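The structure presented is a predicted model; accordingly, all values stated were derived computationally and were not measured. Every chain is numbered from 1, with letters handed out A, B, ... down the list of sequences.
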There are 2 protein chains.
Amino acid sequence: MLHVWLHIDPRSSVPMYQQVVEGVKEAVARGVLNPGDKLPSVRELAMELTINHNTVAKAYQELEREHVIEVIRGRGTFIATEPDIPDLSVRVRELKEEMVRWIVEAHHLHLSDEELVELFQTVLREWREGRETL
Amino acid sequence: MLHVWLHIDPRSSVPMYQQVVEGVKEAVARGVLNPGDKLPSVRELAMELTINHNTVAKAYQELEREHVIEVIRGRGTFIATEPDIPDLSVRVRELKEEMVRWIVEAHHLHLSDEELVELFQTVLREWREGRETL
DNA sequence: CTGTGTGTACTAGGTGAACTGGTACACTAG
DNA sequence: CTAGTGTACCAGTTCACCTAGTACACACAG
């Protein structure tokens, strides 16, 4: 089985294990992976991506910490059903801080607030369309 | 002279030179620093932040590369007047990719598209207000 | 029971970015 | 000239990331 929903770039400055984390999260958000779906084993995915199984394991641990997947020793890893996020307020705050960074960046690109909101809505709409066509 | 507009955390996972970059960019976006203003010298700022002058120099070089500041050898560094950004399309694309990341993140926090847009507008409004009170 | 597949833990080592400390150079302004 | 500026080195440390290999505990099918 090939897992076309995951692509990583070994030469990227962002760590490979984090690319795996983001790839899985994006696949879930896009509906490519759904609650209960089984993920490839650490060794299988490591083989496919030609990386070390420890790197995949590190990604899975991070995903479990964020409640994206559920790990059952001896059986495998599965996409989690959607529970309450314990530290939701913390993560929303982090998201807002991230947004402030965009705003600052947009200022240096001479984008007005209106243009920035419009840009965001465009990206959101495009992403939605891409999700629906899957 | 103290530069209260800059705070860095040596224990943060984000590199100190990048914290300096973001700090200057945010100060400019907030209007704390204005075109033509002189930045402290690399050695002066390094002394104040108790870091090495090479680290500050690296931050200044990055800021110059992004056309946030202008460097004149022997005279100092100054906040740049606003020119055209040569690689604007590239940076807008990076900004859009960043937005996609947080759309994915919002999905895992069980935020709807409407809530996400509203959150973004709230952050934008709050930032605007904070800017005006300075 | 055994055998296979699962996640996990551990060690040892390689690589590169970040940072320090120090020195030196070219430039500008007084 | 001297003093202050950005810049360019170099040597060395630290640390996260990654690899490679091995081993362990668990679940399940046979």
Side-chain angles (χ1 to χ4, degrees), chain A residues 1-3 6-25 33 36-80, chain B residues 1-3 6-25 33 35-81:
Chain A
M1 174 185 178
L2 284 180
H3 313 98
L6 230 188
H7 303 278
I8 68 171
D9 178 13
R11 295 168 304 178
S12 169
S13 62
V14 33
M16 288 190 288
Y17 83 91
Q18 196 169 336
Q19 294 183 47
V20 174
V21 170
E22 291 175 5
V24 171
K25 287 167 75 173
L33 293 177
D37 285 357
K38 190 176 187 304
L39 287 174
S41 73
V42 288
R43 292 175 180 80
E44 185 181 357
L45 186 53
M47 182 79 71
E48 188 171 325
L49 300 177
T50 60
I51 61 179
N52 193 272
H53 63 261
N54 289 320
T55 303
V56 177
K58 186 172 183 177
Y60 280 11
Q61 287 167 4
E62 173 66 16
L63 285 167
E64 188 188 27
R65 197 183 64 80
E66 295 186 22
H67 302 90
V68 176
I69 65 177
E70 285 177 354
V71 171
I72 307 179
R73 279 177 76 117
R75 291 196 53 199
T77 65
F78 306 85
I79 302 298
Chain B
M1 175 184 176
L2 284 181
H3 314 99
L6 229 189
H7 302 279
I8 68 170
D9 178 13
R11 294 168 306 178
S12 168
S13 62
V14 32
M16 289 189 289
Y17 82 91
Q18 197 169 338
Q19 294 183 48
V20 173
V21 169
E22 291 175 6
V24 171
K25 287 167 75 173
L33 293 178
D37 285 357
K38 189 176 186 304
L39 286 174
S41 73
V42 288
R43 290 174 181 81
E44 184 181 358
L45 186 53
M47 181 79 71
E48 188 171 326
L49 300 177
T50 60
I51 61 179
N52 193 272
H53 63 261
N54 289 320
T55 303
V56 178
K58 186 173 182 177
Y60 280 11
Q61 286 167 5
E62 172 66 15
L63 284 167
E64 188 188 27
R65 197 184 64 79
E66 296 187 21
H67 302 90
V68 176
I69 64 176
E70 285 177 356
V71 171
I72 307 178
R73 279 177 76 115
R75 291 195 54 198
T77 66
F78 305 86
I79 303 298
T81 55

Which of dA9(C), dG7(C), dT20(C) is nearest the side chain of Asn54(A)? It is dA9(C)
Quiz item: According to a strict under-4.0 Å criterion, is Arg75(B) in side-chain N/O contact with OP1 or OP2 of dA29(C)?
Solution: yes
**Prompt:** Can you tell if the side chain of Met47(A) reaches within under 4.5 Å of the side chain of His53(A), non-hydrogen atoms only?
**Reply:** no
Between CZ of Arg73(A) and C1' of dG7(C) the distance, given in whole Å, is 6 Å
Winner on side-chain proximity to Lys58(B), out of dG6(D), dT5(D), dA18(C), is dA18(C)
TODO: Taking only the side-chain nitrogens and oxygens of Tyr17(B), find out if one of them lies under 4.0 Å from OP1 or OP2 of dA18(C).
DONE: yes
Worksheet item: Side-chain N or O of Thr55(B) less than 4.0 angstrom from OP1 or OP2 on dT20(C)?
Response: yes
Which of dA9(C), dG6(D), dT6(C) is nearest the side chain of Gln61(A)? It is dA9(C)
Per atom distances to the Asn52(A) side chain, the nearest of dT20(C), dT8(C), dA20(D) is dA20(D)
- Query: Reckon Ser13(A) touches a base, only the sugar-phosphate, or nothing at all at heavy-atom distances under 4.0 Å?
  - Reply: nothing
note: Ile69(B), atom CD1; dT5(D), atom C1'; distance rounded to Å ~ 13 Å
Below 4.0 angstrom from OP1 or OP2 of dT5(D), is there any side-chain N or O of Ser41(B)?
yes
In whole angstroms, the gap separating P of dA17(C) from CZ of Arg11(A) amounts to 14 Å
Separation of dT8(C) atom P from Glu62(A) atom CD, nearest Å, is 13 Å
Out of dT19(D), dT7(D), dG21(D), minimum distance to the side chain of His53(B) belongs to dT7(D)
Leu45(A) CG to dT6(C) C1', in whole Å, measures 14 Å
Practice prompt. Please step through side chain to side chain contact (heavy atoms under 4.5 Å, CB included) for the pair Tyr60(A) and Leu39(A), ending with a clear verdict.
Written response: CA-CA 10 Å; Tyr60(A) 280 11; Leu39(A) 287 174; 3.7 Å; yes
Rounded to whole Å, CZ of Phe78(B) lies from P of dT5(D) at a distance of 10 Å
Ignoring hydrogens and geometry, is there a side-chain-to-backbone donor-acceptor pair from Gln19(A) to Asp9(A) under 3.5 Å?
yes
### Task
Run the salt-bridge test on Glu22(B) and Lys25(B) with the 4.0 Å N-O cut-off and return the result as yes or no.
no
Met16(A) CE to dT15(C) P, in whole Å, measures 14 Å
Rounded to whole Å, the CG-P distance (Asp9(A) to dC18(D)) equals 12 Å
Taking dC18(D), dT20(C), dG6(D) as options, the one with an atom nearest any side-chain atom of Pro15(A) is dC18(D)
Note to self: Checking Thr77(A) against Ile72(A) for the side chain to side chain contact (heavy atoms under 4.5 Å, CB included) test, could you report, in this order, the C-alpha distance in whole Å, the side-chain angles of both residues, the deciding distance, and whether it holds?
What the structure shows: CA-CA 6 Å; Thr77(A) 65; Ile72(A) 307 179; over 6 Å; no
Less than 4.0 angstrom between a side-chain N/O of Gln18(B) and OP1 or OP2 of dA18(C), yes or no? no
